[in-house]
Amino acid sequence: MPTQLRISPPPDYVLARDACSYGYFLLSPNNWSPASGTFTTTLDLAGRGVGDATTIHITQPGERASHAHLRGRALRVNADRTLTDPDRAELRRLVTRILRLDEPEQIVRDFHKRDPRYAPRAKNTCAGRGRLMRSPTLFEDVIKTVTSCNVTWPSTIIMNRGLCQVLGRRSASELHAFPTAEKVAAARPATLRARCTVGYRDQRIVDLAKMFARGKINEAWLEDPATPDDEVFEALLEWPGIGPYAAANIMQLLGRYARLPLDTESIRHGKAVLGYKGTDRAIMAAIHKHYQPMGAHAFRSYWFELWEFYEAKRGPSWTWERETTGKTFTAALLKELKKEPAPTEAREPRRSPPASRRRAT
DNA sequence: GGTAGACCTGGACGC
DNA sequence: GCGTCCAGGTCTACC
């Protein structure tokens with residue numbers, strides 16, 4: 001008999017808004033159904049690599065017309081098989097990580113104080129953002145980051161689908177989990193290249209998997225708030241296939257939001273939205289300076305600003321379908337943006353941070 | 001320390 | 001339908 005769990009999220013939590021807060025919600029094994037407001041994923045519980053994987057459907061029952069009305073309502077998690085008590089505990093732990101339910105409410109409130117643009121408002125359906133969706137494991141977050149480097153979004157979708165279908169365990173629902181580090185470590189690079197179309201990333205992905213599988217990654221140290229950001233950043237740069245952008249992105253996935261993973265998309269944002277001009281290097285420097293007053297919340301402020309820019313073009317993220325909008329939005333959006341006239345003037349940002357978040361100089 | 005070129009794939013574009 | 005070009009971040013060799 002399928003197992004059902006009930007999870008009480010923090011009082012600010014809205015599943016549609018907070019699960020659809022980062023692009024990974026569109027990458028296999030994840031899926032979001034706008035019609036039913038259901039987040040679906042397939043998990044390899046305990047990473048044991050034996051038996052069936054488990055497909056789960058997460059919903060937040062209630063009146064969906066108003067997100068404000070859903071805040072803090074219990075989450076319902078339906079699994080496609082009967083779970084033992086240890087599996088139920090593991091499932092609860094993984095869902096908590098994916099949805100960042102364990103991030104203290106006080107930290108989210110602190111972010112809203114720093115950047116009031118995202119503070120909750122009774123009648124605003126998307127206000128109150130603060131939590132960013134991520135993967136059930138650090139390993140999956142790292143590989144997803146590598147598959148998003150030097151490639152357009154549709155290719156990232158293909159790579160993640162391939163990794164799941166070729167190496168991930170299958171559930172009773174005929175869906176595949178993301179493969180474990182052990183499974184990827186045991187794969188041949190040529191297999192990843194040929195069947196998962198990861199291209200030249202093949203050896204790097206296998207090397208990363210070996211590091212995780214052999215216990216060479218100290219996750220507790222990486223996640224420990226006492227570990228300085230600079231030390232984590234330097235450590236990540238030592239990993240194969242991880243450069244400055246990937247390291248900064250992994251840091252935000254670890255819950256360290258002070259650094260910005262800036263890429264070509266950031267340059268576009270700096271030009272189109274913030275109104276900066278000059279060389280890419282100069283624009284990146286200006287973007288770093290722009291968000292510096294946000295301190296430990298810099299990435300959240302940057303990301304939600306970028307996210308809302310996408311939503312202005314493609315509608316709210318919880319209306320995106322993985323196989324339609326979610327598949328094409330970045331490439332199509334960029335193409336569309338090229339047709340838009342560049343801002344005419346602009347040494348200073350067009351959209352400045354609110355005065356309340358500026359640091360006195 | 002800074003820079004150029006290679007890496008690989010999918011998509012856009014021209015013919 | 002085919003060939004060519006481009007975008008994308010990291011790595012390595014070179015100055």
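Throughout, a chain's letter reflects where its sequence line sits, starting with A, and its residues are numbered from 1.
- Going from atom CG of A:L262 over to atom C1' of C:dG9 covers 13 Å, rounded to whole Å.
- The backbone N or O of A:Y22 sits nowhere less than 3.5 Å from a side-chain atom of A:W303 that would complete a donor-acceptor pair.
- Checked options A:H112, A:R71, A:R131; the residue passing with A:D12 is A:R131 (criterion: side-chain hydrogen bond (donor to acceptor under 3.5 Å, both in side chains)).
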Identify all pairs in which a protein N or O lies below 3.5 Å from an N or O of nucleotides 4-8 of chain B, and state each distance.
unit_1, atom_1, unit_2, atom_2, d
B:dC8, OP1, A:R193, NH1, 2.5
B:dC8, OP1, A:R193, NH2, 2.9

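- Distance A:I250 CD1 to C:dT10 C1': 13 Å, rounded to the nearest Å.
- Spacing between atom CE of A:M159 and atom P of B:dT9 amounts to 9 Å, rounded to whole angstrom units.
- At whole-Å resolution of the value, CD in A:E238 and C1' in C:dC11 are 13 Å apart.
- For the pair A:F39 and A:V95, the minimum side-chain heavy-atom distance is 4.5 Å or more.
- The nearest whole Å value for the distance from the CG atom in A:L163 to the P atom in B:dT9 is 14 Å.
- Judged purely by atom type and a 3.5 angstrom limit, A:S28 has no side-chain atom pairing as donor or acceptor with the backbone of A:C164.
- A:N160 has its CG atom 16 Å from the P atom of B:dT9, to the nearest Å.
- The interatomic distance linking A:D280 (CG) with C:dG8 (P) rounds to 10 Å, in whole Å.
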Tabulate protein N/O versus nucleotide N/O from nucleotides 13-15 of chain C, keeping only pairs under 3.5 Å, one per line.
none

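- A salt bridge does not link A:R93 with A:D102: none of the charged nitrogens is closer than 4.0 Å to a carboxylate oxygen.
- Between the CD1 atom of A:I158 and the P atom of C:dG8 there is a distance of 17 Å, rounded to whole Å.
- Counting heavy atoms from C-beta outward, A:L91 and A:L45 have side chains that approach closer than 4.5 Å.
- Between A:R281 and A:A194, the residue anchored closer to the 5' end of DNA chain B is A:R281, taking for each the nucleotide with the nearest heavy atom.
- Ring pair A:F25/A:W320 is parallel by interplanar angle, where below 30° counts as parallel and above 60° as perpendicular.
- A salt bridge is defined here as a Lys NZ or Arg NE, NH1 or NH2 lying under 4.0 Å from an Asp or Glu carboxylate O, and A:D141 with A:R134 fails to meet this definition.
- Between A:H269 and A:Y302, the ring-plane angle classifies as perpendicular under the 30° and 60° cut-offs.
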